A.B. asks: 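Dropping the structure in here first, questions after.
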Amino acid sequence: MPPFLPPLPTPCAPNSTSRPARGLLHAIPHRNLKLPPGRRGRQGGRITISSSSSTLSAAQDLIADAATPRAFSALFKAASSATSPSPSLGVQLHAQAVVRGFLGDGDNTILSTAILNFYASCRQPDLARQVFDTMTCRNAVTWNALIKGYAQAGRREEALELFRDMRRQGHVAPDKYTFPALLSGIGRERGGGCMQELGGSMHAQVIKSGLHKDPFVGASLVSMYAAIGALEDVKAVFDDVDTLDPVVWSSMISAYVNCKEEQGALLTFYKMLCRDIKPRQFVYSSLFAICGSTSLLEMGRQVHAHSLKNIADKDAAMTNALLTMYSDCGCINDAWRVFSSNDVVDVVSYSSMILALGQHGHPKEAFELFRQMEFSGLVPDDVTLLNLLSAFNHAGLVPEGLHIFDSMLDIQGIKPTYEHYACIVDMLARSGEIGEAIKTINEMPFEAEAPLWRIVLGACSKHRDIATGMKIAEMLFEMEPYEAANYILLGNIYTRLGRWTEAAKVRSVMDKRGIGSYDAFSWIEMGKKTHRFGVADRSHPISEEIYRNLDRLIGSIKAAGYVPDISFAAHNLEKDRREESLHYHCEKLAFAFGDLASPSGNTLRIMKNLRVCGDCHSAYKYFSLITGRKIILRDNHRFHHFNKGACSCGDYW
DNA sequence: ATAGGGTTAG
């Protein structure tokens with residue numbers, strides 16, 4: 001029995017020789033089951049519906065009155081609704097259709113297809129397949145519904161195989177419904193190595209079938225190509241398609257977002273507005289995602305204002321994207337405002353807000369919100385719990401995190417995934433319990449991948465555990481000989497201990513093997529421009545002034561007690577250049593610029609693509625002290641709010 | 001009886 005289905009109610013017709021209801025298609029033969037004459041209809045067919053929902057009892061009456069297969073088809077459509085599918089209703093309908101003999105001798109293609117579509121919509125493609133196999137007459141709708149069922153259940157191979165079967169049997173040609181059914185979401189599956197070739201072949205078949213102008217087909221091709229990063233092909237599809245349709249524009253914008261082409265997405269948005277095509281909620285969701293990931297707060301606020309003017313009814317996904325945008329831009333208060341004034345709150349809203357609170361260093365509030373969520377009757381899912389764990393992880397609240405983790409399965413009924421384990425491993429390792437972390441890795445029901453070991457290696461550097469670190473590094477070198485991060489982390493362990501010779505040796509091995517390291521950079525939004533800084537970067541137009549200001553600032557914070565920590569300097573430098581190099585880290589440059597370019601006392605929001613360096617973290621605390629500014633620093637991991645010489649992370653990160 | 005695009009994690 002499919003796990004989501006309630007037990008099938010037993011028909012309570014008088015004298016009926018009903019057998020105990022077990023499953024679905026197992027308990028009820030799909031066809032050739034007829035009640036004796038006179039037992040059909042309202043009385044014989046009456047069924048008990050266990051749910052107390054009023055829609056269901058209304059449906060119950062409808063079922064009783066529905067006299068024709070045609071009416072049944074319409075009811076199945078209601079049970080298959082994308083927004084609120086009703087598995088129990090559909091199952092009862094199926095039982096009733098059988099009981100009434102609507103699926104008796106001879107095919108009823110329309111009704112059978114409606115039933116098939118119901119199972120497909122409920123993510124039960126195998127049950128849909130069973131209906132399909134009993135049918136002798138199948139039309140395009142039948143094929144399309146089954147293909148969609150497999151594709152949406154993430155079973156790409158089976159969906160493709162069906163598509164090929166459809167072509168092979170030759171009676172029914174793929175139509176404008178077929179390609180969207182097959183292609184939507186198909187590229188998102190893992191292991192899409194063959195997608196490039198497959199994508200091209202699908203595109204060719206679309207053109208051959210003359211369907212390339214169709215906006216539905218076009219949108220699904222765009223999203224398929226976007227999923228494999230084939231932006232040129234995306235553009236080619238867009239050139240062919242009918243561009244009056246708003247959805248094609250939405251899919252185009254999200255294609256740019258997927259391919260990390262923020263400029264292209266914004267440009268497409270402007271073009272769309274120029275052509276008087278009204279953006280829908282989908283478009284704003286994508287734009288909010290861009291503004292958040294690139295931390296373009298001013299742009300984000302403008303898009304937000306635009307959405308208020310153009311969108312009348314709120315929608316959960318769009319509002320959640322907005323919430324995340326504000327959080328990603330460092331504005332946790334704005335994020336909270338969006339959340340708390342939101343009347344379309346759902347599980348994702350809570351999960352996103354819990355995540356945001358955790359990233360900004362408010363684990364207690366995150367937990368409080370979690371409790372409130374449970375109280376409100378919403379059921380946390382695996383992401384909610386992951387985000388809650390990550391909130392505890394950010395704050396180093398190990399016992400609290402372990403408690404949640406240990407009770408996940410029993411209390412929430414959610415089986416920990418690889419990500420949950422990874423979070424716990426990170427939490428243990430960074431808090432100094434490296435042995436426990438390794439033990440967890442060895443005991444978890446998954447094979448650890450390199451990035452998880454890398455987390456532990458990072459923790460070894462933090463806690464100066466060189467013996468364990470070397471062992472892990474050795475293993476990682478074997479797993480990924482060309483991954484720069486592994487060498488850098490090992491080098492960090494040596495520099496943290498002042499063992500510069502060994503650190504330099506690691507560096508030279510990297511050079512010998514031709515492994516380039518990642519370039520760190522920081523950026524800051526000022527007015528309508530984003531200013532980006534690399535390490536020791538002198539390319540900014542007012543670079544001279546920036547360096548002068550930075551030297552001045554360093555002098556002041558030294559006077560206030562800042563001591564440079566050269567164990568964060570690059571591995572391969574001469575002794576006397578180490579301290580200087582430290583000063584020109586990109587996040588310090590970004591601050592020196594922001595301090596010049598914005599009125600004194602203003603809060604500065606600075607982003608970094610890698611984790612903040614320990615020396616810069618210390619310097620920022622002093623910066624906030626001597627300049628009186630609040631500084632919000634977002635690194636690739638979390639947010640640091642600096643104020644009056646202290647950081648919200650409590651120096652744990 | 002069937003259709004396309006969006007939000008939470010590193």
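Values in this document were obtained by computation on a predicted structure and should not be read as measured data. Chain naming here is simple, since letters A, B, ... match the order of the sequence lines and numbering starts at 1 in each.
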A.B. asks: Choose from B:dT7, B:dG10, B:dG5 the nucleotide whose nearest atom is closest to any side-chain atom of A:N320.
C.D. replies: B:dT7
A.B. asks: Just how far, in rounded Å, is P of B:dT8 from CG of A:L322?
C.D. replies: 12 Å
A.B. asks: Go through B:dT8, B:dA1, B:dG4 for me and flag the one nearest to the A:A114 side chain.
C.D. replies: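 Selected nucleotide (nearest to the side chain): B:dA1.
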A.B. asks: Considering only B:dG4, B:dT8, B:dG6, which nucleotide approaches the side chain of A:S285 most closely?
C.D. replies: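 Comparing B:dG4, B:dT8, B:dG6 against the side chain of A:S285, the answer is B:dG6.
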A.B. asks: If you compare every side-chain N and O of A:Q152 against the phosphate oxygens of B:dG4 (OP1, OP2), does one of them come in below 4.0 Å?
C.D. replies: yes
A.B. asks: Base, sugar-phosphate alone, or nothing: which one does A:T113 contact when heavy atoms must sit under 4.0 Å apart?
C.D. replies: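 Here A:T113 touches the bases of the nucleic acid.
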A.B. asks: Under 4.0 Å, heavy atoms only, any strand: does A:V248 hit a base, just the sugar-phosphate, or nothing?
C.D. replies: base
A.B. asks: Starting from P on B:dA3, measure out to CG on A:L182 and report it in whole angstrom.
C.D. replies: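 So the CG-P distance, A:L182 to B:dA3, works out to 15 Å.
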A.B. asks: Mind checking if A:D245 touches a base, just sugar-phosphate, or nothing, with heavy atoms under 4.0 Å?
C.D. replies: base
A.B. asks: Report the residue from A:M427, A:R638, A:E400 that forms a side-chain contact (heavy atoms from CB on, under 4.5 Å) with A:N393.
C.D. replies: A:M427
A.B. asks: Under the 3.5 Å rule, do the base of B:dG5 and the side chain of A:S251 count as making a donor-acceptor pair?
C.D. replies: no
A.B. asks: Rounded to whole Å, how long is the line connecting atom CG of A:N258 with atom P of B:dG6?
C.D. replies: 7 Å
A.B. asks: Mind calculating the distance between CG (A:D214) and P (B:dT2) to the nearest angstrom?
C.D. replies: 17 Å
A.B. asks: I want to check one thing: is the phosphate of B:dG10, taken as OP1 and OP2, less than 4.0 Å away from some side-chain N or O of A:Q359?
C.D. replies: yes
A.B. asks: Is a salt bridge present between A:R129 and A:E158, judged by a nitrogen-to-oxygen distance below 4.0 Å?
C.D. replies: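 Salt bridge: no.
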A.B. asks: Looking at the side chain of A:N387, which of B:dA9, B:dG4, B:dA1 is the nearest nucleotide?
C.D. replies: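 Per side-chain heavy atoms of A:N387, the pick is B:dA9.
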A.B. asks: Within the 4.0 Å heavy-atom criterion, would you say A:N117 contacts the bases, only the backbone, or no part of the nucleic acid?
C.D. replies: sugar-phosphate
A.B. asks: Look at the side chain of A:V348 and decide which nucleotide, out of B:dG6, B:dT7, B:dA1, has an atom nearest to it.
C.D. replies: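 Of the candidates, B:dT7 comes closest.
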A.B. asks: Counting side-chain heavy atoms from CB outward, which of B:dT2, B:dG5, B:dG10 is closest to A:H637?
C.D. replies: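 So the nucleotide nearest the side chain must be B:dG10.
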A.B. asks: Rounded to the Å, how far apart are A:L369 CG and B:dT8 C1'?
C.D. replies: 13 Å
A.B. asks: Quick one: A:L357 CG to B:dA9 P, roughly how many Å, whole number?
C.D. replies: 13 Å
A.B. asks: Can you find a donor-acceptor N/O pair under 3.5 angstrom joining the side chain of A:N139 to the base of B:dA1?
C.D. replies: yes
A.B. asks: Taking the six-membered ring of A:Y652, is the NZ or CZ of A:K462 close enough (under 6.0 Å from the centre) and on axis enough (within 45°)?
C.D. replies: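 Output yes; distance and angle both within limits.
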A.B. asks: Which nucleotide wins on minimum distance to the side chain of A:F282, given the candidates B:dG4, B:dT8, B:dG5?
C.D. replies: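 Closest nucleotide to the A:F282 side chain: B:dG5.
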A.B. asks: With heavy atoms under 4.0 Å as the rule, sort A:D175 into base, sugar-phosphate or nothing.
C.D. replies: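 Nothing, no nucleic acid heavy atom in range.
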A.B. asks: Taking the inter-plane angle between the rings of A:F639 and A:H360 on a 0 to 90° scale, is it parallel (under 30°), tilted (30 to 60°) or perpendicular (over 60°)?
C.D. replies: parallel
A.B. asks: Could you tell me whether A:L386 contacts a base, only the sugar-phosphate backbone, or nothing, with contacts defined as non-hydrogen atoms closer than 4.0 Å?
C.D. replies: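 Base contact - A:L386 has a heavy atom under 4.0 Å of at least one base atom.
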A.B. asks: At what distance, to the nearest 0.5 angstrom, does OH of A:Y256 lie from CG of A:L266?
C.D. replies: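 So the OH of A:Y256 and the CG of A:L266 are separated by 11.5 Å.
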A.B. asks: Quick test of your reading of the model: are A:D126 and A:R155 salt-bridged, counting only N-O distances below 4.0 Å?
C.D. replies: yes
A.B. asks: With the side chain of A:Q281 defined as its heavy atoms from C-beta on, choose the nearest nucleotide among B:dG6, B:dA9, B:dG4.
C.D. replies: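 Of the options given, the side chain of A:Q281 lies nearest B:dG6.
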A.B. asks: Heavy atoms from C-beta onward define the side chain here; which of B:dA3, B:dA1, B:dT8 lies closest to that of A:K176?
C.D. replies: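 Nearest listed nucleotide: B:dA3.
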A.B. asks: Please state how far atom CD1 in A:I253 lies from atom C1' in B:dG6, giving the value in whole angstrom units.
C.D. replies: 11 Å
A.B. asks: Determine the interplanar angle of the A:H304 and A:Y326 rings, folded into 0 to 90°, and report it as parallel if under 30°, tilted if 30 to 60°, perpendicular if over 60°.
C.D. replies: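 It falls in the perpendicular class, over 60°.
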A.B. asks: Specify the separation, in whole Å, of atom CG of A:N609 and atom P of B:dG10.
C.D. replies: 15 Å
A.B. asks: Quiz question: going by heavy-atom distance under 3.5 Å, is there a donor-acceptor pair between the base of B:dG6 and the side chain of A:D315?
C.D. replies: yes
